[in-house]
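Throughout, protein chains are lettered first and strands after them, A, B, ... in sequence-line order, and every chain is numbered starting at 1.
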Protein chains: 2
Amino acid sequence: MNRKKKPLSHPDVEKRLVDAGVQPTAQRIAICGYILGEADHPTAEEIKKWADRHFPKMSRATVYNTVKTLVDAGILQEFKFPHSDAAVYDSNTDIHYHFLDEKTGELHDVQPESVDLSVKLKEGFKVKGIQILLRGTKK
Amino acid sequence: MNRKKKPLSHPDVEKRLVDAGVQPTAQRIAICGYILGEADHPTAEEIKKWADRHFPKMSRATVYNTVKTLVDAGILQEFKFPHSDAAVYDSNTDIHYHFLDEKTGELHDVQPESVDLSVKLKEGFKVKGIQILLRGTKK
DNA sequence: ATATTTGCAAAGCCTTTGCAGGGGA
DNA sequence: TCCCCTGCAAAGGCTTTGCAAATAT
């Protein structure tokens, strides 16, 4: 796992949603609480499986709708990586990079402070964003 | 476009295939010649469209089979980027990075010399590969 | 009442696979 | 001959969409 997370109370999650301008429906509170407080880079499928265990009834469409809502609201960030077709959702909305453990498939956040990067491109290229995936193994 | 390419003669392409241990079938020569000599980061679909115009008859399956063969043979590199679900094929098989022009969707190769990078991760992380996508605009 | 959200089913995009037929070494 | 290659069609994984029913403000 990436770093320890603290479970969030439903009221805390609800506040987060309202603050972000999102209607705090039961489904959204559940999913958002799961991702913010417990999950580590879950895919939609993992969220769906979690919901099947912890929520009375939730369709896959609602999972997708919800994560899209949360991403649009700035609560989550969505990432796609080359090693998998499935998008992952990250509660870390700051700029950061990732390390993929090729043995386990686990993703680890990499803080920008850990990376020293300077890019000098030819005239005319204006860089507005950088995505970095480090691949390797973690012992 | 990324950089100028020179069209390759069919015999040259055939030699490249044979050297790489790949049977030089008509389909493979055609596709390989297109990617090495003309195309710029084409997707399977773009290759298929090109084939529909320049080759008597080729199925999508053959396009996929062929690029897989060429990748396995070390003639091409396959990349997947977050902005599109479709894989792209790159005749540059050296280590390099990419710049995505967000206006046009065009991909540009970025030579490693253009990027100065040092990564210091916590104990236990061993980095074996790095993928970088720069996003921005090119005038 | 009015706008928003949920959820089912169907479709869409990209890719892979199974298998029969065909062609090259 | 024998093996590899081609290609059709079907399936598979992930995600989106259309639309009706349910829910929130």
Side-chain angles (χ1 to χ4, degrees), chain A residues 10 13-15 17-18 20-32 34 41-52 54-73 75-89 105 107, chain B residues 10-11 13-15 17-32 34 41-52 54-73 75-89 105 107:
Chain A
H10 285 173
V13 176
E14 176 166 357
K15 179 166 188 316
L17 292 171
V18 172
V22 173
Q23 270 194 40
T25 67
Q27 288 87 339
R28 289 171 178 175
I29 292 172
I31 290 181
C32 189
Y34 168 59
H41 297 99
T43 63
E45 193 54 33
E46 282 160 15
I47 297 167
K48 175 70 167 72
K49 287 212 180 82
W50 176 88
D52 287 345
H54 297 82
F55 200 89
K57 196 158 177 294
M58 196 184 308
S59 75
R60 205 174 305 273
T62 295
V63 173
Y64 280 100
N65 288 338
T66 299
V67 291
K68 183 172 193 316
T69 299
L70 297 177
V71 168
D72 290 347
I75 296 175
L76 300 179
Q77 224 177 328
E78 178 185 277
F79 290 98
K80 285 189 153 192
F81 295 106
H83 69 287
S84 162
D85 285 339
V88 303
Y89 297 91
L107 281 170
Chain B
H10 285 173
V13 176
E14 176 167 356
K15 180 167 188 316
L17 292 170
V18 172
D19 288 351
V22 173
Q23 269 193 39
T25 66
Q27 288 87 340
R28 288 171 178 175
I29 293 173
I31 290 182
C32 189
Y34 168 59
H41 297 99
T43 63
E45 194 54 32
E46 281 159 16
I47 298 167
K48 175 69 166 73
K49 286 211 181 81
W50 176 88
D52 287 344
H54 297 82
F55 200 88
K57 196 158 177 294
M58 197 184 307
S59 75
R60 205 174 304 275
T62 295
V63 173
Y64 280 101
N65 289 337
T66 300
V67 291
K68 183 171 193 318
T69 299
L70 297 177
V71 168
D72 290 345
I75 295 174
L76 299 180
Q77 228 180 322
E78 178 185 277
F79 290 99
K80 286 190 152 191
F81 296 107
H83 69 287
S84 162
D85 285 339
V88 303
Y89 298 91
L107 281 170

Worksheet item: Atom OH in A:Tyr64, atom OG1 in A:Thr66: separation rounded to 0.5 Å?
Response: 12.0 Å

Worksheet item: In chain order, what residues pass the side chain to side chain contact (heavy atoms under 4.5 Å, CB included) check against B:Gln27, with sequence neighbours excluded?
Response: B:Thr25, B:Phe55, B:Met58, B:Thr62

Discussion item. Counting only side-chain nitrogens and oxygens, does B:Lys57 get under 4.0 Å of the OP1 or OP2 atom of D:dC8?
Written reply: yes

Worksheet, complete the sentence: Contacts of A:Phe81 meeting ring-ring contact (aromatic ring centres under 6.0 Å, His included) (sequence neighbours excluded), chain-then-number -> A:Phe79, A:His98

Worksheet item: Roughly, in whole Å, what's the span from CZ in B:Phe81 to C1' in C:dC13?
Response: 19 Å

Practice prompt. Measure from NZ on B:Lys48 to P on C:dT15 and round the result to the nearest Å.
Written response: 14 Å

Discussion item. Could you tell me how far apart A:Met58 (CE) and D:dA22 (C1') are, to the nearest whole angstrom?
Written reply: 15 Å

Item to complete: Grab the NE2-P distance between B:His83 and C:dC13 for me, whole Å please.
Response: 17 Å

Worksheet item: Is any side-chain heavy atom of B:Val88 closer than 4.5 Å to a side-chain heavy atom of B:Glu46?
Response: no

Discussion item. Can you list everything that forms a side chain to side chain donor-acceptor pair (under 3.5 Å) with A:Glu78? Sequence neighbours excluded, please.
Written reply: A:Tyr89

Item to complete: Only counting residues at least two apart or in another chain, list the ones meeting salt bridge (Lys or Arg N to Asp or Glu O under 4.0 Å) with B:Lys49.
Response: none

Discussion item. Checking A:His83 now: which residues fulfil ring-ring contact (aromatic ring centres under 6.0 Å, His included) with it, not counting sequence neighbours?
Written reply: none

Review item, nucleotides 11-16 of chain D N/O atoms under 3.5 Å of protein N/O:
residue, atom, partner, partner atom, Å
D:dT15, OP1, A:Ala87, N, 2.7
D:dT15, OP2, A:Tyr64, OH, 2.7

Please tabulate, one pair per line, each protein N/O and nucleotide N/O from nucleotides 1-5 of chain C that are separated by under 3.5 Å, including the distance.
residue, atom, partner, partner atom, Å
C:dT4, O3', A:Gln23, NE2, 3.4
C:dT5, OP1, A:Arg28, NH1, 3.0
C:dT5, OP1, A:Arg28, NH2, 3.3
C:dT5, O5', A:Arg28, NH2, 3.4

Item to complete: Map every base of DNA chain C to its dot-bracket character, where paired means a Watson-Crick or G-U wobble contact with both distances under 3.5 Å and | marks a partner outside the strand.
Response: |||||||||||||||||||||||||

Item to complete: Just jot down the salt bridge (Lys or Arg N to Asp or Glu O under 4.0 Å) partners of B:Glu45, sequence neighbours excluded, or say none.
Response: B:Arg60

Discussion item. For a quick test of reading the model, state the closest non-hydrogen atom pair linking A:Val22 to A:Arg28 and the distance between them.
Written reply: CG1-NH1, 3.6 Å

Discussion item. It should be established whether A:Ser59 places a side-chain nitrogen or oxygen under 4.0 Å from OP1 or OP2 of nucleotide C:dT6.
Written reply: no

Discussion item. Please give me the minimum heavy-atom distance between A:Ile31 and A:Val63, naming the atom from each residue.
Written reply: CD1-CA, 4.0 Å

Practice prompt. Report the C-alpha separation of B:Ile75 and B:Thr69 in whole Å, then their side-chain angles, then the decisive distance to 0.1 Å, and conclude whether the side chain to side chain contact (heavy atoms under 4.5 Å, CB included) test is met.
Written response: CA-CA 9 Å; B:Ile75 295 174; B:Thr69 299; over 6 Å; no

Worksheet, complete the sentence: Rounded to whole Å, the CG-C1' distance (B:Asp72 to D:dC4) equals 15 Å

